[in-house]
Amino acid sequence: MAQGRCQRTGCTVSDSGICLLSHTPPTACPNFEPTSEIPTPDERLPEEPPDGPASAQTIPMARSQRVFHTGLELGSDDTLMVSRASYCHLVGILGATDAGKTCYLLSLYLKAARGELPDGHQFAGSLTLKGFEERARLLRSWEGGPLPTRLAEHTSLSDSRQAALLHLGLRQGNRGRRVDLLLTDLPGEWSRTLVDSAATAGRFEFLKRADGILLVVDGEALTTSRRLVELRRTKHLMERLRGNVGIAATTPLTILISKGDKIQMQRPPAIDELLGHAAGLGLDADAVLTAAFSYDPEVPSGTGVFEALQRIIQSRSAVGPPVAAPYSAGGRRISAFGRATR
Amino acid sequence: MISRVLEWYRIVNVQPTSETVDRRSAGITRLVKALDDAEDWDSILGTTAGLVGGFDQGHAADAPHVAQIITSIKAEDSTFPQDLTENALELRTAAAIALGELMARNGDKPADKIAVFVAMLIESGMGIRPQPDGKHLARVFTELTGLARKILNIAQQHRRKRVPVATKKVLAFDENVAEPLPALKSLAAAVKAAFKELNQQAAIDREELDILWWLYAATSTTVETALSELLPGNAAIACGVEVADLCLLPPLANADAFVRRAMKEVKRSDTKRTLDKIIADTDRSVWPLLMGHEDESVLGEAYPTLFPLSWLCRRLHASGVAAGWTAEFVAKTGLGVEQSVQPVDLAMQAFRERIAQRQYTSAD
């Protein structure tokens with residue numbers, strides 16, 4: 001294909017391939033100026049390196065396969081695009097099937113996109129915009145009236161062997177602090193298999209890097225006869241995370257009570273049992289009641305969604321006192337000076 | 001610290017492969033060697049400045065210390081990006097591991113001069129700086145500052161150890177030896193060594209006396225005013241610098257107690273205020289104290305993240321007024337002026353910066 005440009009002002013042949021003066025082909029136009037020849041794929045790649053073994057070590061640019069990031073989700077290697085440059089807060093979101101994990105993610109995304117996050121936080125880009133939009137497809141197709149019973153499709157991973165991460169960038173104010181969130185969207189089956197078999201704990205190795213974990217529990221289920229099953233499952237999940245996956249005791253764990261609108265935003269008493277169990281495992285846990293998408297007109301959609309993250313992305317700690325050195329007199333009384341006041 | 005590559009590298013890569021970890025370990029080993037072999041302190045200073053403040057601001061991709069880190073890593077991993085907008089956090093992590101290795105490699109033995117200087121720089125840079133954002137990065141810094149403290153503590157104990165070996169030899173000399181000439185030669189050597197020991201002991205004793213008399217007098221010797229009559233900002237800089245100048249290097253582990261005791265004489269020394277308000281209490285009488293002498297003076301100018309108060313004092317001295325510096329201070333040092341600190345914290349910062357300045361020239 002010959003490429004070129006036109007010297008006539010206003011002619012867009014270089015972009016559109018159509019001559020302003022309707023010459024066919026455009027190269028017939030007297031104003032057309034060829035610039036370069038784009039070789040065909042066959043012409044581009046020489047079979048043998050021209051100069052022997054030394055140049056064989058250099059792979060021509062055209063020979064390497066060009067892979068575009070799909071924008072749907074990030075694998076652990078993909079996260080380097082953002083995590084190599086600046087700190088990313090990795091948030092593990094776990095819970096049973098239909099607990100509300102994906103709805104939580106969508107609610108967070110939509111609040112960010114609409115500028116409804118508190119404390120001046122604003123949407124500041126996403127490497128997985130398409131992934132959020134794909135997940136929100138059911139919502140987008142809703143045409144008003146009662147909310148559909150299913151707001152998000154069942155999560156399935158493009159690679160079932162590794163976790164998928166969604167990226168959400170937030171900024172506090174126009175020139176404020178930027179926070180990059182890497183949020184897991186794992187199928188409920190992952191949590192179930194972890195509960196059923198400790199052998200699958202290796203899949204969750206990446207959670208050792210988590211800045212926080214959101215354990216999504218179905219708030220509605222906690223007020224029904226399914227309460228005991230939900231409690232037992234959630235406790236086992238905590239035990240697996242702490243004992244088999246090995247998450248640190250200092251990792252903030254938030255029990256995210258979903259579907260709060262269906263329980264009149266009343267915290268189920270069973271949550272105290274879960275918090276006690278977490279404390280017994282040495283975990284730093286709290287609970288947040290949320291309503292990602294509310295069926296109750298009194299409860300706004302997105303209630304509690306950002307609050308669940310605040311402990312994880314809180315600002316840096318204030319300046320503290322200097323680290324006290326261990327006492328070592330070495331036979332000199334001056335070394336004891338000031339010790340009593342520490 | 002190279003043993004911590006897997007754990008610390010997770011800051012950058014949530015699930016690194018063993019191959020990646022091996023490559024990074026090898027790259028950082030190269031970096032450690034390069035820092036060890038450097039002919040001057042610039043690499044150490046630049047790398048530590050990048051660690052403390054981050055490489056995303058105030059560092060150029062072609063700066064020697066940045067290029068050194070990138071070259072070391074690229075030697076083992078050619079896919080490592082060159083652009084600071086793409087690799088700033090990874091450079092910071094590599095710097096943390098490398099500098100941690102330089103400090104930790106001596107174990108519990110007295111540290112070499114590189115380790116001591118790195119420890120002092122970290123203390124100076126992190127003094128009034130809030131912990132960095134992010135749980136895992138903050139934990140790295142907690143470990144590094146703890147390691148720095150440990151290194152300096154071991155070094156200061158070694159510096160002040162009383163080991164009268166040569167003195168004992170002199171005292172044990174037997175005047176009735178059969179061969180007097182060789183014995184006298186041996187005695188002469190022992191006497192010389194004993195005098196060195198005695199000088200060292202005298203210096204240690206003098207340090208104690210000087211500090212204790214300075215505390216007792218409760219007067220700034222540079223400003224020639226009682227500490228109780230100084231404004232908190234002026235007192236902070238004066239106390240920090242004067243105590244630092246009285247200390248042997250490395251300073252005593254409890255040297256901060258001297259500064260705090262002195263600051264108790266100062267009115268409102270424990271009242272928290274924003275940094276800009278405390279600095280408004282400073283004037284020309286104290287600014288030169290932290291600007292450093294001759295070779296030291298370059299530190300504040302070139303490495304504001306490590307010597308924020310030194311930079312500020314130079315800036316204030318150049319402009320002549322204690323106003324209009326905040327925006328530039330924030331941009332240069334990465335510190336916010338709205339953070340609340342006590343004047344005594346500022347005094348400690350002045351102390352740490354002055355100690356690092358003195359170590360820079362004494363090591364040179």
Side-chain angles (χ1 to χ4, degrees), chain A residues 74-90 162-163 165 177-180 182 184 203 205-212 248 250-252 312-342, chain B residues 7 10-17 54 56 80-81 83-90 92 123 127-139 142 145-146 148-150 152-153 156-157 160-162 204 207-208 211-212 215 252-258 260-261 339-341 345 348 352:
Chain A
L74 301 176
S76 52
D77 283 347
D78 301 321
T79 58
L80 284 174
M81 278 190 283
V82 62
S83 64
R84 188 172 244 166
S86 58
Y87 192 87
C88 292
H89 291 79
L90 175 62
Q162 61 170 331
L165 296 159
R177 175 180 164 241
R178 184 187 169 99
V179 175
D180 282 287
L182 293 173
T184 64
R203 268 184 183 178
E205 186 77 10
F206 68 95
L207 285 179
K208 287 181 179 172
R209 166 58 176 85
D211 292 86
T250 52
T251 303
I312 297 171
I313 64 172
Q314 64 190 2
S315 297
R316 295 167 288 181
S317 57
V319 174
V323 176
Y327 173 63
S328 173
R332 307 180 62 213
R333 289 190 173 81
I334 195 170
S335 299
F337 186 90
R339 294 288 164 180
T341 59
R342 288 179 192 272
Chain B
E7 203 177 325
R10 277 206 181 106
I11 291 168
V12 173
N13 188 332
V14 302
Q15 200 160 11
T17 60
D56 46 351
F80 188 75
D83 198 332
L84 283 178
T85 59
E86 294 179 52
N87 65 12
L89 183 61
E90 188 154 3
R92 199 176 189 187
E123 289 215 328
I128 54 171
R129 189 176 298 275
Q131 287 279 36
D133 200 13
K135 169 175 171 279
H136 297 277
L137 192 58
R139 198 181 64 193
T142 299
T145 49
R149 191 92 293 268
K150 179 188 163 191
L152 291 175
N153 192 28
Q156 68 85 15
Q157 286 181 41
R160 292 167 180 81
K161 212 170 176 182
R162 296 182 192 272
I204 294 169
E207 176 194 44
E208 291 191 27
I211 290 174
L212 289 172
L215 273 175
L252 281 160
N254 61 336
D256 61 302
F258 307 131
R260 288 178 190 283
R261 173 62 71 85
Q339 64 175 3
S340 288
V341 292
D345 295 327
M348 279 310 306
R352 291 183 207 107

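Below, read A as the first sequence line, B as the second, and so on, with proteins coming before strands; counting in each chain starts at 1. What's counted below: heavy atoms across the whole structure, side chains too, no hydrogens, waters or symmetry copies.
Nearest approach of B:Asp133 to A:Gln314, heavy atoms of both residues: OD1-O, 4.2 Å. Between B:Pro81 and B:Glu86, the closest heavy-atom pair is CB-OE1, 3.6 Å.
Neither the backbone nor the side chain of B:Asp56 comes within less than 4.5 Å of any heavy atom in chain A. If you measure heavy-atom distances from A:Thr79 to chain B, the contacts under 4.5 Å come from the side chain alone. Both the backbone and the side chain of B:Glu208 come within contact range of chain A, judged by heavy atoms closer than 4.5 Å. The contact between B:Ile204 and chain A is made by backbone and side chain atoms together, counting heavy-atom distances below 4.5 Å. Both the backbone and the side chain of B:Ile11 come within less than 4.5 Å of a heavy atom of chain A.
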Test B:Phe258 against B:Ile211 for side-chain contact (heavy atoms from CB on, under 4.5 Å), laying out the working first.
-> CA-CA 8 Å; B:Phe258 307 131; B:Ile211 290 174; 3.7 Å; yes
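By the 4.5 Å heavy-atom criterion applied to side chains, B:Arg149 and B:Thr145 are not counted as neighbours. Annotation: side chain of B:Leu137 is in contact with side chain of A:Tyr87 (closest heavy-atom distance under 4.5 Å).
Chain B forms the most heavy-atom pairs under 4.5 Å with one residue out of A:Pro252, A:Ser86, A:Gly212, and that residue is A:Ser86. Put simply, of B:Glu7, B:His136, B:Arg92, the one with the most heavy-atom pairs under 4.5 Å next to chain A is B:His136. For the set A:Leu90, A:Val82, A:Leu182, A:Thr251, the count of heavy-atom pairs under 4.5 angstrom toward chain B peaks at A:Thr251.
With B:Arg160 contributing its side chain and B:Gln156 its backbone, the two residues share a donor-acceptor pair below 3.5 Å.
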